[in-house]
Amino acid sequence: MALQRHDEVVLLLGAPGAGKGTQARYLATVLGVPHVASGDLLRENRQRGTDLGRAAEAYMDRGELVPDDLVVDMIARRLDAPDAVRGALLDGFPRTLGQFSALEDRLVERGGRVRNAIYVEVPTKVLVERLAGRWMCRTCHTTYHEEFNPPSSEGVCDVCSGELFQRPDDRRDVVANRVNVYLRDTLPVVKRFEQRGLLRRIDGNRPIQVVRAALHQALGLSEGVRA
Ligand code: AP5
Ligand code: MG
Ligand code: ZN
């Protein structure tokens with residue numbers, strides 16, 4: 001397999017429901033790199049009934065993390081695809097210190113670097129409300145919210161006309177576990193990026209367009225670019 005150089009890796013970190021997916025799709029377009037979301041890739045594998053999808057299923061439905069070796073291998077393969085030759089916008093990875101080290105090793109090996117790790121901060125009680133009202137497209141993974149970001153036509157994706165569904169792990173009891181897992185396993189990753197001087201904190205508890213503008217600024221992108 002040919003080695004690729006990833007010199008523009010940008011990471012979106014944040015709790016479940018912080019708005020990573022909502023912002024990532026747009027930001028990836030602006031940055032000209034693919035949006036690589038570990039959760040979306042795992043759900044795709046489940047839909048296709050792959051070995052990885054079957055192995056991941058029980059962890060995901062309980063709100064637990066899928067084991068590092070499976071996720072690291074999946075992301076490494078995705079980053080080897082030709083469209084990621086100039087980098088990627090990673091959403092939901094790395095999420096453990098083990099995944100952090102695996103990414104770091106890969107970037108050292110290939111001469112790449114993390115340009116920014118953006119941390120979208122949202123209070124826990126807001127997360128629960130967001131996830132309870134979320135609808136997601138089965139085909140292109142675009143996310144909507146019943147109240148905060150509704151689709152033009154109920155149950156139908158604005159982008160691709162795909163069917164919208166509610167994620168089984170958005171049930172209140174599973175959300176509580178996902179938030180706990182996040183605090184236990186992923187906050188140490190956030191701290192690690194902070195120690196490296198790469199972390200940019202964004203207040204995610206504002207309207208979608210305001211958060212988007214703040215992300216633009218944090219990444220040093222020009223304003224006025226439209227999705
Ligand atoms: P994953 O799919 O990554 O889920 P998550 O991290 O829990 O994050 P979400 O996708 O729930 O939230 P989001 O921040 O993307 O929010 P969104 O933009 O949709 O992971 C799922 C599972 O896969 C994990 O539990 C685990 O099992 C497994 N997994 C994935 N990655 C893994 C890894 N690296 N290692 C191991 N296991 C892994 O927004 C949420 C809602 O809020 C939407 O309805 C949206 O419309 C609305 N909204 C967004 N922004 C705003 C705003 N500013 N104001 C009002 N509403 C807003
Ligand atoms: Mg997401
Ligand atoms: Zn769609």
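Sequence positions, counted from 1, serve as the residue numbers for this chain. Both ligands and their constituent atoms are indexed starting at 1 by order of listing.
Using a non-hydrogen distance threshold of 4.0 Å, Arg206 registers as a contact of ligand 1. Within the structure, ligand 1 has Ala18 among the residues with a heavy atom less than 4.0 angstrom away. For the ligand labelled ligand 1, residue Arg43 lies inside the 4.0 Å heavy-atom shell. For the ligand labelled ligand 1, residue Arg167 lies inside the 4.0 Å heavy-atom shell.
Remark: minimum distance from atom 23 (O) of ligand 1 to any protein heavy atom is reached at Met60 CE, 3.5 Å. The protein atom (non-hydrogen) at minimum distance from atom 16 (O) of ligand 1 is Gly19 N, 3.3 Å. Closest to atom 37 (N) of ligand 1, if we only count protein heavy atoms, is Val66 N, 3.0 Å. The shortest contact between atom 8 (O) of ligand 1 and any protein heavy atom is with Lys20 NZ, 3.1 Å. Ranking protein heavy atoms by distance to atom 19 (O) of ligand 1, first place goes to Arg134 NH1, 2.6 Å. For atom 31 (N) of ligand 1, the nearest protein heavy atom (residue, atom name, distance) is Ser38 OG, 2.7 Å. Nearest protein neighbour of atom 18 (O) of ligand 1, counting heavy atoms only, is Thr22 OG1, 2.6 Å.
Of the listed residues (Met74, Arg212, Arg130), the one carrying the non-hydrogen atom nearest atom 42 (O) of ligand 1 is Arg130. Of the options Arg25, Glu57, Arg95, the smallest heavy-atom separation from atom 3 (O) of ligand 1 is shown by Arg95.
Looking at Tyr144 against ligand 1, only its backbone comes within 4.0 Å, counting heavy atoms. For Glu64, every heavy-atom contact with ligand 1 shorter than 4.0 Å involves the backbone, none the side chain. Only the side chain of Leu42 comes within 4.0 Å of ligand 1, counting heavy atoms alone; its backbone N, CA, C and O stay farther away. Contact annotation: for Ile208 versus ligand 1, heavy atoms closer than 4.0 Å belong to both the backbone and the side chain. Residue Arg178 touches ligand 1 through its side chain alone, judged by heavy-atom distances below 4.0 Å. No part of Asp91 comes within 4.0 Å of ligand 1, judged by heavy-atom distances.
Below 3.5 Å of separation, one finds an N or O of Gly92 facing an N or O of ligand 1. Among the atoms of Gly21, some N or O lies under 3.5 angstrom from an N or O of ligand 1. Below 3.5 Å of separation, one finds an N or O of Gly17 facing an N or O of ligand 1.
Residues Glu121 and Asn205 bring no donor and acceptor atom of their side chains to less than 3.5 Å of each other. A side-chain N or O of Asp68 and one of Thr96 form a donor-acceptor pair less than 3.5 Å apart.
Distance alone, capped at 3.5 Å, places no donor-acceptor pair between the Ser153 side chain and the Val156 backbone. Remark: side-chain polar atoms of Lys20 are paired, donor with acceptor, to backbone N or O of Gly14 under 3.5 angstrom. The main-chain N or O of Ser152 is found under 3.5 Å from a side-chain atom of Asp158 such that the two form a donor-acceptor pair. Arg54 places a side-chain N or O within 3.5 Å of a backbone atom of Gly49 that can act as its donor or acceptor partner.
The ring of His35 has its center no closer than 6.0 angstrom to the ring center of Tyr26. Remark: aromatic rings of Phe100 and Phe193 are close, center separation under 6.0 Å.
Across Thr186, Asp169, Leu131, a single residue satisfies side chain to side chain contact (heavy atoms under 4.5 Å, CB included) together with Pro16, and that is Leu131. Looking at Val128, Leu127, Val174 one by one, the single match for side chain to side chain contact (heavy atoms under 4.5 Å, CB included) with Val179 turns out to be Leu127.
Clustering ILVMFWY residues whenever any of their side-chain heavy atoms sit less than 4.5 angstrom apart, transitively, puts Val122 in a cluster other than the one holding Met136.
No cation-pi contact links Arg178 to Tyr182, judged by a cut-off of 6.0 Å to the six-membered ring centre and 45° from its axis. At least one cation-pi condition fails for Arg201 and Tyr119: the charged atom is not both under 6.0 angstrom from the six-membered ring centre and inside a 45 degree cone around its axis.
Between SG of Cys160 and SG of Cys137, the angle at the Zn ion (ligand 3) works out to 100°, rounded to 10 degrees.
Residue-environment remark: CZ (Arg48) exceeds the threshold of 12 foreign heavy atoms within 6.0 Å.
The Zn ion (ligand 3) has Cys140 among its coordinating residues (N/O/S atom, backbone or side chain, under 2.8 Å).
For ligand 1, the atoms sitting less than 4.0 Å from at least one non-hydrogen atom of Leu131 are 11 (O), numbered in the order shown with element in parentheses.
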